[in-house]
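Atoms considered below: every heavy atom in the structure, side chains included; atoms not considered: hydrogens, waters and symmetry mates. Here is the naming used below: chain letters follow the sequence lines, and residue numbers restart at 1 for every chain.
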Amino acid sequence: MRPPPVAPGTPPVLQLVGIAKYFPGVIANEDVSLDVLSGEILALLGENGAGKSTLMNVVTGIYLADAGEMIFDGYGVQFSSPQEAIKAGIGMVHQHFKLVPAFTVAENIHLGWSETPRNASPAVLEARTQELSERFGFPVDPSARVEDLSAGEQQRVEILRVLARKARLLILDEPTAVLTPSEARDLFRALRAFRAEGNAVIIISHKLDEVMEISDRVTILRGGRKIGTWDTADCAPRMLAATMVGREVVRQNLLLRSEGAAPRGTVPELSLRDVSVRDDRGVTTLSDVTLDVFGGEILGIAGVAGNGQRELTEVLTGLTPPGRGTVLLGGAPAEPGAAAFARQGVGHIPQDRLHSALAPSLSITDNMVLREYEQPPIGGHGFYHAEAALELAREIANIAEVNIPDFAMPVRNLSGGNQQRLVARREIRIARRLLVAAYPSRGLDIGAIATMHRYFADLRDQGVGIVVVSEDLEELLNLSDRIGVLCHGRLMAVLDAAEADIERIGLLMGGRTETSETKMSVAEGAILS
Amino acid sequence: MTRFQRFPTAPARLVLAWRAAALVAAALIIGLLLALSGRNVFELAVLVLKSTIGSRFGLEDLALFMTPLILTGSAVTVTSRIGLWNIGGEGQFYLGAIGAAGVGLYMPGSPIVVLPVMAVTAMLCGVAWIAVPTLARAYAGVNEIITTLLLNFVAGLLTYWLATGPWRDRVTGALASTGRIHVAIPEFWGVVHWGFPIALLVAGGLAAIMTWTSWGYEVRISGANPGAARYAGMPTRARIIAVMLLSGALAALAGMFEVAGTVHRLQGGMADNFGYLGIVVAVLARRSCLAVIPAALLMALILDAAIVLQTRQLAATVVLAITGLVLLLIAIGDELAHYRPVTPAVRLPPSAPVATPKVTT
Ligand SMILES: Nc1ncnc2c1ncn2[C@@H]1O[C@H](COP(=O)(O)OP(=O)(O)OP(=O)(O)O)[C@@H](O)[C@H]1O
Ligand SMILES: [Mg+2]
């Protein structure tokens, strides 16, 4: 095991004593006491809405605690803003990034920082950023604009921003939710290096394997209260899951169809024929994709993020018209437009719910009727019935098992996972023909993931076609009847689940086509003969 | 343990209560300051009350002030619903006045025919005036605040040019004014013309459209998150265009009412900041179409009181300071309305043992 970098008996870096935070009708945190030792990585676990983000927001001064004390480095502290927290040495990277998209990496790093040299030229800022980047082992391109970066790169900028301000306690809220597996590995390597210098990390995650891999101790919250803290070495993922949820989470075989399930359709519900898409700059992001999705099946789409997944989901849901090729819905050319697709029974769980699936500042009610506001009982003849809308919002919240004290409250006040649950239920409601789900389990706790997978299986048994885009091959293999693999905007192959295994998919994800291999061997044969 | 906590929403009830308190506080502060500077506060107060809400003439004046304010306030409010700001109410007001005056001056016929033509022409002129900012916004993403604002100065100068040039009054030779228009909006109550009840109806109608139609819902979503509107397949661009053109028409209608209801001619400078005050009214109304009415009433009261105070040798700058104070206190009141006392619900921790009565034998 790791040698303890600090002598035993060193006081904790951060100590929380009896912290409470209340929101109207919700106990977000109550009586939470917690120690974070220097030289350790502490994982914070809990179901969606357990109060993890809120607790960390209290630590970093975004919220004021309603009760309790905070002791940092042996002194009682109370921060009234994140700036104060970072000055003291506590930095946080949030679930939703807070960078300025139009600024460069160097500008973002130096924004609102007392050590930023006055009137510095971009070149100076970039040189400083380069130096920081090397010092902390987070490679970034100082002159790149943040909006052009991948999620993983943006996250490195966020972390670097915090480390540059000499944070000794780094808080990461679901950092790996948006990372590719290799980006996650890089992150963990950097976190270990950070820890080795006697610093501390609090990491929030729903991915238990990662928690097992990276953390030294685990603290679990449930319903806003602390259940306990354990050494990770004494834990197993199963036990963590059960403690988090309060009951055993049973893994079902989702590939098993229920009795009386609708058989797999014979006519495709939705077909793409030689579909290509170009982005604004004229770069081909999806090329010559031909794909059939049948009713009563789950089609998984594997691939490293950024290889055409977004474009594929947008074409499948009518958001982007194909530059070339045709989209057939139920055998006939599809009426264009996202609204028309939705009317025809195509539901869509998009990858960035806050930016596209929800209007964060509007009420929960307004957000829940987004798909049905034109149909009775809410709409019809151009009208909008507010009572019926509230009724529908209640119904969706009920089946999604999200407890909502006030439906007029802006939807952004809900925890990240609860937003995702509501969006998922809203879309499942309208998916009579097809459901397209991009990274549906991002941000969900394991209980909620199991529930959502069950929904997908039920939907499949009702004869609906489901497309699940994910980077998690295990998730795809557990769910899918067939798996398509995307690489550089090309659909490399569509495999039957029976013949698919992680290795084969991995090769295809890396761009190795099977046909090119066979072609090659044929060619070799020709040369040999 | 009861504490005050900031809530994301402010119930209308609390907003009203805090605003009432803010107005009382404003009145007290102003009274105190006037008293300290040796004024007879009581006499001034009586005078202000009498010449606003305390007399028939005062009320009529208020209604006349409110009419354009409701319309220009509505014009800004509708655009704010879709997340845009029409700062060009002043210019569209002028264009409405120009359109109305053009018809009124040169179209013969009975008022029943001429007045509707004036109204329609005025609104079309307002629509035309906001058309370029609208299209620039909808198709090129050009910020509408700047474009609408800049056109105000053009419209103001255009009005001066018409009133001093081609359309100038050749009969009486009045400065920067056209001749008198032969038709007028009939009176409804005293000197208050029918424009007032129509403006009230317009505000009510807009509120109904925004709350009770799917069009209003689409406007709300498009304003709050264009990404979500695109995701749901809403015709966002069409909504932006419709809302902005509607806004231009509303401000222009205010101009037509001024020309045909109160001034009866086109005059340079006649918009009298009504377009800009519409922004203040919209801010006071907090994006609610219905709340534009009380907000316009408040603004009219301030304007009216200001005029009275000016007749008592209070400098115009003092009046401006008073206006600012009232608005500041109201803004503070609005913020306070977000706070409510809460008593945290008592809940057992999930793992707490449930107390069971001991059975003793
Ligand atoms: N600003 C707010 N106003 C009202 N309620 C809030 C606010 N912020 C959080 N809550 C509520 O507090 C509870 C805890 O939320 P929090 O975001 O801390 O959960 P979480 O553990 O981070 O969940 P997730 O894993 O889904 O991100 C939730 O019920 C949430 O709705
Ligand atoms: Mg959270």
So, for B/V76 and B/N86, which heavy atoms are closest and what is the spacing to 0.1 Å? CG2-O, 3.7 Å
Apply side-chain contact (heavy atoms from CB on, under 4.5 Å) to B/V202 and B/I70, showing your working. CA-CA 9 Å; B/V202 166; B/I70 290 174; over 6 Å; no
Chain B interface, residue from A/D366, A/N367, A/D352 that has the most non-hydrogen pairs under 4.5 Å: A/D366
Among A/A357, A/G318, A/S361, which residue forms the greatest number of heavy-atom pairs with chain B at distances under 4.5 Å? A/A357
Considering only heavy atoms, which portion of A/H348 lies under 4.5 Å from any heavy atom of chain B: side chain, backbone, both, or neither? both
Between A/A342 and chain B, with a heavy-atom cut-off of 4.5 Å, which part of the residue counts as in contact: side chain, backbone, both or neither? neither
Closest non-hydrogen atoms of B/A228 and A/L358, given as atom of the first, atom of the second and distance, are CB-O, 3.7 Å
Taking all heavy atoms of B/T236 and all of B/R230, pick out the closest pair and write down the distance. OG1-N, 4.4 Å
Winner by heavy-atom pair count (cut-off under 4.5 Å) against chain B, out of A/A20, A/G379, A/P350: A/P350
For A/V369, is it the side chain, the backbone, both, or neither that has a heavy atom closer than 4.5 Å to a heavy atom of chain B? both
Looking at A/R371 and B/A232, what are the two nearest heavy atoms and their distance? NH1-CA, 4.1 Å
